[in-house]
Structure formats: C-alpha cells, structure tokens
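Counting begins at 1 with the first residue of the sequence.
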Amino acid sequence: MADPDIWKDPEAAQNVQRRRKRIETDLEYLKKLKTQEDDARVLMDWLAQGEDVTKDLTTGLDALEKLVEHAEFQKMLGGEHDRANAIVSINSGEGGTDSQDWANMLLRMYLRWCDRRGFAHTITDIQAGEEAGIKSATVMVQGEYAYGYLSAEMGVHRLVRISPFDSNARRQTSFASLFAWPEIDDDIKIEVQEKDLRVDTYRSSGAGGQHVNVTDSAVRITHFPSGIVVSCQNERSQIRNREVAMKVLKSRLYDLELQKQRAKLDVQEAGKMKIGFGSQIRSYVLHPYRMVKDLRTKYEVGDVDRILDGDLDDIMKATLVAKAKGTLGQAVTGDD
C-alpha cells in the first residue's frame with residue numbers, strides 16, 4: 001500500500017486493502033492469543049509460589065480456551081473462498097404448495113441467521129409460488145466467512161408437518177434445497193462472450209404476481225454453453241439488474257470450472273441431487289414429534305422453533321467439524 005503507483009489502478013488497490021485488512025485481523029487475533037497465554041503462565045507461576053490467584057487463573061484459562069476454540073473453528077474455514085461473500089439459491093422441490101411454503105420458511109430462516117451474525121443480505125430474485133410461498137429465491141449475503149458457513153448448508157432440506165393446505169389435516173413431507181457459491185473477487189477474471197448469452201427483460205413482480213415495477217427492468221440471462229440461467233429483479237434499473245445478474249453468473253461459472261478441475265464429488269456436487277426423497281441432508285419434524293436432525297452428522301436438537309428462527313451456528317459448526325475430520329456422512333433415507 002506504500003507504493004505511490006498503487007492507486008493508478010483503484011480496483012487493484014481496493015483488493016490489496018481488503019487483503020491487508022484480513023491479514024491485520026488475523027495478526028490481531030494471534031496477538032490476543034499470545035497475550036492471554038502469557039497472562040495465564042504468569043498466574044500459574046504465582047500459584048506455584050503460593051499466591052492465591054486460583055480465581056483469576058480459572059477465569060483466564062476459560063477465556064484462553066474460548067479463544068483457542070474460536071481459532072480452531074476459523075481454521076476449518078480455511079478454504080480458498082470460505083472468507084468470501086456468498087450467493088445463495090433456495091428452490092422448492094417435491095411437495096407442491098407445501099414445498100413452496102417450506103422454501104419460503106427456509107428463506108426466512110437463513111435471513112434471520114444473517115441478521116444474527118450481522119451479515120448484510122439482498123434478495124436479488126424471487127419467484128412466488130402459485131398459492132403460497134416461493135418457487136425460488138436468490139440472495140446475496142455479505143459478510144466475512146459467509147460462504148464458508150453457508151457451504152455447510154448445501155443440499156436438500158426436508159420438512160414433516162401437518163399440512164396447513166390440506167383440508168383433511170394430513171401429514172405432509174416437503175422438500176426444498178439450498179445451494180451456495182462464493183462471490184468471486186474482482187481480480188479473478190471470468191471471460192463471458194456476448195454471443196454465448198441471451199438476455200431477456202421482463203417486468204418485476206412481487207408475491208402473488210403484483211407488479212412492483214411498471215417498466216421491464218428485471219433481467220434474465222441464459223448462458224448457452226453451461227445452461228446456467230440467472231435472474232435479478234431487485235434493483236430499480238435494468239442496467240443495475242444486469243450487473244448483478246452478471247456477477248451471479250460469473251460466480252457460478254467460476255464454481256463450475258473449479259468442479260471440473262477437482263474432477264471428483266465434493267459437498268456441492270453431492271448436494272446437487274433430485275430435491276425429494278432419498279437426497280436430504282437434514283430433517284425438520286413438526287409432527288408427530290418435534291426435532292431437527294442433520295443426517296450427515298446425526299446432530300439433533302428438539303427446539304425446532306429456535307432453529308427456524310435462524311439460530312444455526314451450533315448445527316453449522318457440527319457439520320464443519322465433521323467435514324474437517326473427514327467424517328461427514330452421506331444423506332440417508334427414512335424418517336430419522
């Protein structure tokens with residue numbers, strides 16, 4: 001940053017600033033760890049000399065333990081793009097109206113989680129269901145480690161409950177999926193040829209088809225070589241919607257290229273299954289009992305309302321720990 005010529009390229013300079021900030025944050029955390037460790041060692045020496053510092057030492061060791069646990073957890077999020085912002089897609093699956101309502105519940109759950117963590121979020125595209133809920137939604141999540149955390153949630157989520165849309169009050173099983181991609185840095189260049197694109201414009205609409213924009217400002221981009229289709233209708237201008245849609249497209253193309261290079265099934269690839277029976281990663285049961293169970297880690301919690309209200313850190317951590325240990329299991333079938 002001391003280079004006098006660095007601001008000749010403002011975009012590159014901003015990237016360097018972001019990297020410097022991340023490094024400074026890590027160094028500050030290491031400094032805090034070292035200070036806490038040194039303080040604990042001094043107190044242990046005093047204790048050995050007969051000083052009554054047991055209470056202070058216990059408090060200090062507890063604080064050091066929390067710092068170490070946090071550092072270990074952050075180390076699990078050490079992937080190339082784990083620190084990046086995330087682009088999240090939620091889609092309804094098998095289950096009709098119940099599935100679309102479940103997709104909307106999932107959207108609310110993850111937005112609440114974002115709020116809890118202080119992550120900014122913007123819904124760039126949403127497709128309302130015919131009777132209730134949503135068919136799909138795309139959300140931009142901005143915050144450090146947003147992608148690392150949300151990568152733990154990729155896959156099919158199953159809901160079991162008494163259907164509020166069934167006049168006979170029968171139990172219904174519904175499915176919805178979540179996929180996530182890292183928002184790529186501006187210094188990563190993804191070449192997209194205009195001839196490979198079809199850009200459609202249409203009028204933005206809200207839930208139930210109500211028009212929220214009187215001009216054709218929404219944009220849908222189809223990338224022919226990959227078959228990827230992205231949309232954005234959140235911004236007021238067509239130009240801005242196209243910019244956001246292109247950002248989403250480039251992130252997905254970059255992710256697709258990484259998958260080809262790895263040439264093996266990873267968490268993302270394993271999650272891209274049929275959104276229905278036999279492919280779920282987690283079950284949320286509201287009837288005949290109440291429980292959330294992650295089928296990859298066997299993590300269970302009975303307070304379903306707390307989970308649906310966005311308190312997801314513990315269940316995410318269990319997944320990331322299992323992934324780091326190489327023990328993350330495959331989704332299983334059945335009611336467990």
*asked:* Is there a side chain to side chain contact (heavy atoms under 4.5 Å, CB included) between Y284 and I307? Walk through the geometry before answering.
replied: CA-CA 9 Å; Y284 306 71; I307 298 297; 4.0 Å; yes
_Cationic N near anionic O, under 4.0 Å, R117 to D313_ = yes
*Write down the atom of A318, the atom of Y299, and the distance for their closest heavy-atom approach.*
CB-CD1, 3.7 Å
*Check whether any side-chain heavy atom of T138 lies under 4.5 Å from a side-chain heavy atom of V88, and answer yes or no.*
no
*Locate the shortest heavy-atom distance separating A13 from M1; write the atom from each residue and the value.*
O-SD, 4.1 Å
*Nearest-0.5 Å distance that lies between atom NZ in K21 and atom CZ in R19*: 15.0 Å
*asked:* What I'd like to find out is whether the side chain of L150 reaches to under 4.5 Å of the side chain of V141, using heavy atoms alone.
replied: yes
_Quick check: Y147 with W181 (ring centres under 6.0 Å apart)?_
no
*Using atom types as modelled and distance alone, determine if a side-chain donor or acceptor of N168 lies under 3.5 Å from a backbone N or O of R170.*
no
*Lys NZ or Arg CZ of R220 over Y202 ring: under 6.0 Å, within 45°*: yes
*Counting distance only, does the side-chain N/O of S89 pair as donor-acceptor with the main-chain N or O of F179 below 3.5 Å?*
no
*Start with the C-alpha distance between R282 and E153, add both sets of side-chain angles, then the distance that settles salt bridge (Lys or Arg N to Asp or Glu O under 4.0 Å), and finish with yes or no.*
CA-CA 9 Å; R282 187 177 300 153; E153 299 296 288; 2.7 Å; yes
*Could you tell me whether the side chain of T327 and the main chain of K323 form a donor-acceptor pair under 3.5 Å?*
no
*asked:* Looking only at side-chain N and O atoms, does D98 offer a donor or acceptor that is under 3.5 Å from a partner on S163?
replied: yes
*Side chains of S283 and L295: does their closest heavy-atom pair fall under 4.5 Å?*
yes
_Note, R112 side chain near L312 side chain (heavy atom, < 4.5 Å)_ = no
*Specify whether W113 and Y149 have parallel, tilted or perpendicular ring planes, treating 30° as the upper limit for parallel and 60° as the lower limit for perpendicular.*
perpendicular
*Would you find more than 12 non-hydrogen atoms of other residues, nucleotides or ligands less than 6.0 Å from I239 atom CD1?*
no
*asked:* If we count only N and O atoms by modelled type, under 3.5 Å, do the side chains of H81 and Y254 hold a donor and an acceptor together?
replied: yes
_Taking every non-hydrogen atom, the tightest pair across G310 and R116_ = O-CD, 3.2 Å
*asked:* When you compare the side chain of I134 with that of Q127, does any pair of heavy atoms fall below 4.5 Å?
replied: no
_Under a 3.5 Å distance rule, please check whether D255 uses its side chain to pair with a backbone N or O of R252 as donor and acceptor._
no
*Is any NZ, NE, NH1 or NH2 atom of the basic residue among K135 and E130 found under 4.0 Å from an Asp or Glu carboxylate oxygen of the other?*
yes
*Between I90 and L107, which heavy-atom pair has the shortest distance, and what is it?*
CD1-CA, 3.6 Å
*Going from NZ on K75 to CG on L320, what distance comes out if it is rounded to the nearest 0.5 angstrom?*
15.0 Å
*Salt bridge flag under 4.0 Å for residues R161 and D101*: yes
_Nearest atoms (heavy-atom pairs only) where C232 meets N241_ = SG-OD1, 3.1 Å
*List the atom of M76, the atom of V321, and the distance in Å for their closest heavy-atom pair.*
CE-CG2, 3.4 Å
*Going by an N to O cut-off under 4.0 Å, is there a salt bridge joining R290 and D303?*
no
*For side chain to side chain contact (heavy atoms under 4.5 Å, CB included), just list the numbers for S226 and L253, CA-CA rounded to whole Å, side-chain angles, deciding distance to a tenth of an Å, and then say yes or no.*
CA-CA 8 Å; S226 65; L253 287 173; 3.7 Å; yes
_V229-I87 co-clustered via ILVMFWY side chain contacts under 4.5 Å_ = no
*May I ask you to decide whether K31 forms a salt bridge with D26, counting only side-chain N to carboxylate O separations under 4.0 Å?*
no
*Is a side-chain N or O of S177 found less than 3.5 angstrom from the main chain of G155, in a donor-acceptor match?*
no
*State whether R242 and E194 are salt-bridged, where the test is any N-O pair (Lys NZ or Arg NE/NH1/NH2 against Asp/Glu carboxylate O) under 4.0 Å.*
yes
_Side chain proximity check, L249 to L197, heavy atoms < 4.5 angstrom_ = yes
_Atom pair CG (N85) and NE2 (H121), whose distance is rounded to the nearest 0.5 Å_ = 13.0 Å
_What verdict does the side chain to side chain contact (heavy atoms under 4.5 Å, CB included) test give for M105 and L159, after you've listed the backbone C-alpha separation in whole Å, the side-chain angles of each residue and the deciding distance to 0.1 Å?_
CA-CA 10 Å; M105 291 169 65; L159 174 69; 4.2 Å; yes
*Would M246 and V244 show up in the same hydrophobic cluster when neighbours are defined by side-chain heavy atoms closer than 4.5 Å?*
no
*Decide yes or no for M140 and E183: does some side-chain heavy atom of the first lie under 4.5 Å from some side-chain heavy atom of the second?*
yes
*asked:* Less than 4.0 angstrom from a charged side-chain N to a carboxylate O is my criterion; do K8 and D5 meet it?
replied: yes
*Output, in order, the C-alpha distance, side-chain angles, deciding distance and verdict of side-chain hydrogen bond (donor to acceptor under 3.5 Å, both in side chains) for Q233 and D125.*
CA-CA 5 Å; Q233 60 175 322; D125 183 56; 3.2 Å; yes
Could you give the side-chain donor-acceptor pairs of residues 37-65 under 3.5 Å, partners two or more places apart or in another chain?
from, atom 1, to, atom 2, distance (Å)
E37, OE2, R41, NE, 3.2
E37, OE2, R41, NH2, 3.0
D38, OD1, K34, NZ, 3.0
D38, OD2, K34, NZ, 3.1
T58, OG1, T54, O, 2.9
T59, OG1, K55, O, 3.0

*Quick one: does T222's side chain have a donor or acceptor within less than 3.5 Å of a partner on F224's backbone?*
no
*Got a second to check how far L67's CG is from Q36's CD, nearest 0.5 Å?*
6.0 Å
*Establish whether I190 and V219 are linked, either directly or via other cluster members, by ILVMFWY side-chain heavy-atom contacts under 4.5 Å.*
yes
*Calculate, to the nearest 0.5 Å, the distance between atoms CG and OG belonging to L77 and S151 respectively.*
7.0 Å
_If hydrophobic clusters are built by linking Ile, Leu, Val, Met, Phe, Trp and Tyr wherever their side-chain heavy atoms come under 4.5 Å apart, do V199 and V248 end up in the same one?_
yes
*M109 side, atom CE; L178 side, atom CG - distance, nearest 0.5 Å*: 8.0 Å
_Can you tell whether the side chains of E24 and R20 come within less than 4.0 Å, N to carboxylate O?_
yes
*Determine whether E243 and E235 make a side-chain contact, defined as any pair of heavy atoms from C-beta on separated by less than 4.5 Å.*
no
*Should M154 and I281 be marked as a side chain to side chain contact (heavy atoms under 4.5 Å, CB included) after you check the CA-CA gap, both sets of side-chain angles, and the distance that decides it?*
CA-CA 8 Å; M154 290 193 291; I281 63 166; over 6 Å; no
